[in-house]
There are 2 protein chains.
Amino acid sequence: MPTPTDRSARIHEAAAELLRADGYRYTVARRTIVAALGDAGAPLTIPQLLAADSRLVQSSTYRNLVILEEAGVASRVVTSDDHARFELDERVTDHHHHHLICLDCGDVRDFELPAGIERSLQAEFGRASRAAMFRMERHRIDLLGTCAGCS
Amino acid sequence: MPTPTDRSARIHEAAAELLRADGYRYTVARRTIVAALGDAGAPLTIPQLLAADSRLVQSSTYRNLVILEEAGVASRVVTSDDHARFELDERVTDHHHHHLICLDCGDVRDFELPAGIERSLQAEFGRASRAAMFRMERHRIDLLGTCAGCS
DNA sequence: TTTACTGCAAAGGGTTTGCAACATG
DNA sequence: CATGTTGCAAACCCTTTGCAGTAAA
């Protein structure tokens with residue numbers, strides 16, 4: 001059975017490879033961001049990331065998140081909050097999921113759909129994309145409402 | 001069969017009622033915004049709205065969109081663009097749909113899912129929400145990729 | 001006539017960028 | 001050792017807000 005260390009090692013390896021493939025380096029700062037996102041159970045804002053490790057600098061973190069996103073290591077999660085949030089990409093975590101987004105506090109929790117539903121959705125998405133001559137890269141399913149803590 | 005004028009009249013009536021219910025007035029500026037959103041086939045950014053009718057003023061338009069959103073007349077569509085986009089709410093258009101979002105140009109097109117899929121999704125969403133003690137208000141399904149014009 | 005609303009201009013605040021020093025492969 | 005990366009601080013730009021005058025019910 002995989003230990004936390006296994007998981008962490010796999011994540012860093014995948015991240016390093018994705019970055020290298022785009023000509024980027026896997027620096028200390030990027031490794032720190034990936035570790036923080038991996039440890040957090042949910043998408044983090046930049047302030048949360050900076051707070052998670054005091055060695056992180058704001059401007060570099062913004063810059064690195066752009067690059068991590070471009071390389072497919074991290075993905076941006078848009079809530080209705082002021083701050084963008086980031087999580088590790090599915091290419092790194094190997095874990096497809098969706099989001100429960102609290103309209104009050106902006107916090108995000110993950111949930112999954114049964115594989116069967118995910119499959120029929122995928123078929124419908126393909127149909128809708130073709131009809132519109134749209135080249136789909138990914139989908140995003142969010143539930144918006146109020147979380148347990150805010151009700 | 002409903003004419004464009006019928007549709008427009010229904011929309012304005014619904015908007016006026018929703019606003020009044022919250023103690024707001026249906027002013028000329030708000031009517032102008034609702035008309036522009038209703039005419040456009042897709043969500044509009046503020047610059048697009050301002051361009052659509054030169055009588056619209058930037059600050060008032062921002063303020064009015066906050067109020068229209070709060071009253072349930074308009075809804076905010078978050079793309080990966082710099083600008084927020086707005087469309088008429090389903091309460092006004094009576095038309096449930098989802099979005100194809102172009103990651104290049106930010107433009108948005110609508111699509112629909114078969115009623116059967118929409119129903120089974122709704123059931124799953126209810127299940128996931130209950131499991132997380134989450135009070136769901138609505139869902140959002142977006143396909144992200146490249147539109148016909150940008151490929 | 002009351003009170004919500006508007007327009008103008010200025011401030012706010014998350015995010016981006018220029019630049020010189022630094023670290024990575 | 002060539003070049004991608006960092007930290008600092010300043011700039012950016014979408015959005016919000018204060019205020020005095022205006023319009024809606």
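By convention in this document, chain letters (A, B, ...) are assigned in the order of the sequence lines, proteins followed by strands, and residues within each chain are numbered from 1.
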Next item on the list: Would you mind reading off the distance between B:Tyr26 atom OH and C:dT6 atom P, rounded to a whole angstrom?
Entry: 12 Å

Notebook entry, point to check: Below 3.5 Å, does any donor atom in the side chain of B:Thr27 face an acceptor in the base of C:dC5, or the other way round?
Noted result: no

Check: Picking from D:dG4, D:dT16, D:dA24, which would you name as closest to the side chain of B:Ser59?
Finding: D:dT16

Margin query: How many whole angstroms separate atom CG of B:Leu56 from atom P of C:dG7?
Written below: 8 Å

Item checked: Position toward the 5' end of DNA chain C (nearest nucleotide), B:Gly23 or B:Gln58 -> B:Gly23

Item checked: Donor-acceptor pair present, A:Arg63 side chain and C:dG18 base, under 3.5 Å -> yes

Next item on the list: Choose from C:dT16, C:dA4, D:dC14 the nucleotide whose nearest atom is closest to any side-chain atom of A:Val66.
Entry: C:dT16

Item checked: Ion pair B:Arg31/B:Asp53, N-O distance below 4.0 Å -> no

Checklist line | Atom pair distance, as rounded to whole Å: CG in B:Leu19 and C1' in C:dA4 | finding: 12 Å

Note to self: What is the separation between atom CD on B:Glu70 and atom P on C:dC5, rounded to the nearest whole Å?
What the structure shows: 10 Å

Note to self: Measure CG/A:Leu68 against P/C:dT15 and give the value in whole Å, please.
What the structure shows: 16 Å

Check: Rounded to whole angstrom units, what separation is found between the CG atom of A:Asp81 and the P atom of C:dG13?
Finding: 14 Å

Note to self: Check this one for me: any side-chain N or O of A:Arg30 less than 4.0 Å away from OP1 or OP2 of D:dT6?
What the structure shows: yes

Item checked: Polar side-chain atom of B:Arg7 near backbone of B:Gly38 as donor-acceptor pair, under 3.5 Å -> yes

Margin query: With a 3.5 Å distance limit and no angle check, can you tell me whether A:Arg30 reaches the backbone of A:Arg25 through a side-chain donor-acceptor pair?
Written below: yes

Note to self: Quick check: on DNA chain D, is the nucleotide nearest B:Val28 upstream (toward 5') of the one nearest B:Asp82, or the reverse? Name the residue that is more 5'.
What the structure shows: B:Asp82

Checklist line | C:dT15 OP1/OP2 closer than 4.0 Å to side-chain N/O of A:Tyr62 | finding: yes

Item checked: Minimum-distance nucleotide to B:Ser60 side chain [options: C:dC5, C:dG7, C:dT16] -> C:dG7

Item checked: Spacing of A:Ile33 atom CD1 relative to D:dT6 atom P, expressed in whole Å -> 8 Å

Item checked: Residue closer to the 5' end of DNA chain D, B:Tyr24 versus A:Thr61 (nearest nucleotide) -> A:Thr61

Next item on the list: Could you walk me through whether B:His95 and B:Glu112 pass side chain to side chain donor-acceptor pair (under 3.5 Å), step by step?
Entry: CA-CA 9 Å; B:His95 172 234; B:Glu112 291 174 48; 2.9 Å; yes

Check: Should A:Asn64 be listed as having a side-chain N or O under 4.0 Å from OP1 or OP2 of D:dT6?
Finding: yes

Item checked: Euclidean distance, atom CZ of residue B:Arg85 to atom P of D:dC14 [Å, nearest integer] -> 13 Å

Margin query: Using the side-chain heavy atoms of A:His83, tell me which of these nucleotides is nearest: C:dT24, C:dG14, C:dT17.
Written below: C:dG14

Margin query: Given D:dC14, D:dT16, D:dC8, identify the nucleotide with an atom nearest to the side chain of A:Val57.
Written below: D:dC8

Next item on the list: Start with the C-alpha gap between B:Phe134 and A:Phe111, add the side-chain angles, then the distance that decides, and say whether side chain to side chain contact (heavy atoms under 4.5 Å, CB included) holds.
Entry: CA-CA 11 Å; B:Phe134 184 85; A:Phe111 77 96; over 6 Å; no

Check: Are B:Leu121 and B:Leu100 connected in a single hydrophobic cluster, I mean Ile/Leu/Val/Met/Phe/Trp/Tyr linked by side-chain heavy atoms less than 4.5 Å apart?
Finding: yes

